[in-house]
Amino acid sequence: MKSFFALLISVGFIIASAAKTGHVITFRSPSLYPESFTWDPKSHNFIIGGTRHQKLLSISESGVAETLISDTDLPDNSSFVGLAVDRRNNRLLACIHRIPTATHPSPFNALAAYDLKSRRRIFLTPLLDKNDQNPIATVTEIIHPAAANDVAVDSSGNAYVTNSDGDFIWKVNIDGEGSIFSRSDIFKSHPVDLTVDYHKCGLNGVVFISDGYLLVVQSNTGKLYKVNVNDGTAKTVNLNKDLTAGDGIAVRSDGVVLVVSQHKLYYIKSENDWDEGVVFDETTLDVEGFATAVVVGNRKRVYVLYGHLMEGIMGNGNREEFSIVEIEENEDKEDNIWLFVFVGFGLTYFLFWRFQMRRLVQNMDKRVA
């Protein structure tokens with residue numbers, strides 16, 4: 001199959017197209033600077049997590065913002081950095097992270113679960129490097145603190161949280177019991193370009209696939225990993241190109257996986273349970289908006305969040321408006337890439353047939369001689 005992907009690359013080149021936007025939702029929440037959002041199919045609203053406030057907002061499709069949850073018990077300066085709706089149990093799962101500062105030199109990482117009906121918190125589970133560590137002193141490496149980033153939930157209510165600094169995955173079961181789930185060596189097997197701004201950001205977006213595995217994006221390598229939810233074993237998904245600075249991830253009902261970065265939205269497809277995949281389309285995004293998350297709403301509609309995150313991180317802005325923008329797929333590109341696939345298969349078969357015929361003729365010539 002590796003030769004097939006090499007052939008595919010030589011036959012068709014993917015050119016990123018400008019974003020074809022559909023529904024644009026603008027909402028107001030001063031200095032929120034959200035990094036994460038998710039879609040709640042029950043309320044038909046988006047849920048947004050802020051990086052400057054310990055609150056979660058519900059955003060309607062018309063842009064009406066309502067405070068869904070305000071959790072004043074969380075540590076000061078903590079942020080909601082990853083969200084997922086547990087549809088079967090009507091819960092919202094939220095990753096919480098506080099970066100070290102002069103006044104708070106130790107990081108804080110946790111997973112919170114909230115009941116979406118009562119809006120009450122069910123549990124707050126500290127995410128530790130070792131089971132006996134204090135959550136306020138969690139450190140995975142001498143240089144880098146732990147950084148909870150994104151969360152996915154499986155069909156049994158287990159949550160999986162990526163650690164973007166430690167390059168491992170936590171697991172929190174339905175009762176709120178946390179543990180380290182996967183420290184696969186494969187997560188540190190690819191080179192990292194130390195010259196890019198995001199070189200310290202490792203495992204990032206995560207999504208659960210119903211066949212029993214996770215797909216996880218790694219920002220600083222552009223790789224996609226397939227992780228078995230039974231034992232935590234992982235492998236690199238062979239793609240025809242890297243997902244440069246990949247951040248959030250989502251999956252459509254037709255199996256297409258979407259990965260967002262500040263610059264692009266990638267469309268990826270696989271025909272063999274994600275042992276391999278094809279990036280069949282790329283859409284250029286608004287760089288200033290700094291897209292960090294992607295979700296799938298009603299009728300497979302794809303939305304990205306423009307939270308202007310870098311402006312918030314730099315601390316030099318008091319922006320009041322943010323946006324959720326529908327990105328419409330160029331369907332012709334998906335059709336074309338699979339045309340290239342079939343052409344590739346046909347060309348491979350023809351070359352193999354030609355090689356076999358040449359050998360047959362050579363053998364016949366030897367017998368005649």
Side-chain angles (χ1 to χ4, degrees), residues 14 16-25 33-39 46-49 51 59 80-85 95 149-152 162 164 196-198 201-209 214-225 237 239 241-270 274 277-297 300-313 322-330 333-334:
I14 300 170
S17 56
K20 183 181 178 183
T21 58
H23 189 198
V24 177
I25 303 168
Y33 292 102
E35 180 180 1
S36 57
F37 78 140
T38 188
W39 170 254
F46 298 95
I47 300 176
I48 303 283
T51 57
I59 310 293
F80 289 106
V81 290
L83 301 175
V85 170
C95 293
N149 198 312
D150 197 16
V151 59
T162 53
S164 59
V196 297
D197 295 338
Y198 50 88
C201 185
L203 297 183
N204 201 326
V206 57
V207 68
F208 173 71
I209 305 297
L214 308 171
L215 291 179
V216 186
V217 183
Q218 191 170 47
S219 299
N220 55 10
T221 64
K223 301 301 181 184
L224 183 68
Y225 300 105
V237 178
L239 298 176
K241 68 178 301 175
D242 288 338
L243 308 172
T244 303
D247 194 334
I249 186 173
V251 59
R252 290 194 322 210
S253 58
D254 61 358
V256 170
V257 165
L258 307 136
V259 172
V260 72
S261 72
Q262 179 187 1
H263 296 269
K264 294 179 181 179
L265 177 65
Y266 299 94
Y267 293 79
I268 316 161
K269 209 167 190 178
S270 175
W274 294 101
V278 175
V279 178
F280 66 84
D281 196 6
E282 298 175 14
T283 298
T284 301
L285 301 177
D286 173 20
V287 176
E288 182 183 351
F290 209 108
T292 53
V294 57
V295 302
V296 179
K300 298 193 301 183
R301 295 168 74 176
V302 176
Y303 296 86
V304 299
L305 172 65
Y306 285 132
H308 297 267
L309 184 63
M310 189 53 64
E311 182 181 305
I313 292 174
F322 305 92
S323 60
I324 298 169
V325 177
E326 180 187 4
I327 306 297
E328 297 182 347
E329 179 188 351
N330 184 344
K333 284 198 174 184
E334 183 175 0

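Numbers here simply count residues along the sequence, with the first being 1. In what follows, every heavy atom counts, from backbone to side chain, and hydrogens, waters and symmetry copies are set aside.
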Nearest atoms (heavy-atom pairs only) where A293 meets S36: CB-CA, 4.3 Å
Backbone of H263 reached by a side-chain donor or acceptor of S261 within 3.5 Å: yes
Donor-acceptor contact present, side-chain T51 to main-chain P34, <3.5 Å: no
Test applied, side chain to side chain contact (heavy atoms under 4.5 Å, CB included); reference residue, L243; option that passes from V257, V259, V260: V259
Heavy-atom closest contact (E311 atom, Y33 atom, distance): OE2-OH, 2.6 Å
N149 side chain near L203 side chain, heavy-atom distance below 4.5 Å: no
side-chain hydrogen bond (donor to acceptor under 3.5 Å, both in side chains) partners of E326, counting only residues at least two apart: R301
Nearest atoms (heavy-atom pairs only) where T292 meets E35: OG1-O, 2.7 Å
side-chain contact (heavy atoms from CB on, under 4.5 Å) assessment of Y267 paired with T283: CA-CA 8 Å; Y267 293 79; T283 298; 3.7 Å; yes
Min side-chain heavy-atom separation L285-Q262 under 4.5 Å: no
I268 vs W274 side-chain heavy atoms within contact, under 4.5 Å: yes
Gap between atom OG of S270 and atom CG of L239 - 0.5 Å precision: 9.0 Å
Considering all heavy atoms, the nearest T162-N204 contact: OG1-O, 2.7 Å
Y198 vs T244, side-chain contact (heavy atoms from CB on, under 4.5 Å): CA-CA, chis, key distance, verdict: CA-CA 10 Å; Y198 50 88; T244 303; 3.4 Å; yes
Y303 side, atom OH; I324 side, atom CD1 - distance, nearest 0.5 Å: 9.0 Å
Partners meeting ring-ring contact (aromatic ring centres under 6.0 Å, His included) with Y266 (sequence neighbours left out): none
Test item: D150 side-chain N/O and V206 main-chain N/O as donor-acceptor pair under 3.5 Å: yes
Closest contact, heavy atoms only, S219 versus C201: CB-O, 3.3 Å
Residue pair V304 / L258, side-chain heavy-atom distance below 4.5 Å: no
Side chains of L224 and I249 in contact at under 4.5 Å (non-hydrogen atoms): yes
Mutual orientation of the aromatic rings belonging to F37 and F46 [parallel < 30°, tilted 30-60°, perpendicular > 60°]: parallel
Smallest separation among heavy atoms of D254 and V256, with atom names: OD1-N, 3.2 Å
Reported SG-to-CG distance for the pair C95 and L83, which is rounded to 0.5 angstrom: 8.0 Å
N/O donor-acceptor pair under 3.5 Å between Y306 side chain and D286 backbone: yes
Electrostatic pair K300:E329 at N-O distance under 4.0 angstrom: no
side-chain contact (heavy atoms from CB on, under 4.5 Å) between T284 and E282, worked out: CA-CA 7 Å; T284 301; E282 298 175 14; over 6 Å; no
side-chain contact (heavy atoms from CB on, under 4.5 Å) between K223 and D242, worked out: CA-CA 6 Å; K223 301 301 181 184; D242 288 338; 2.9 Å; yes
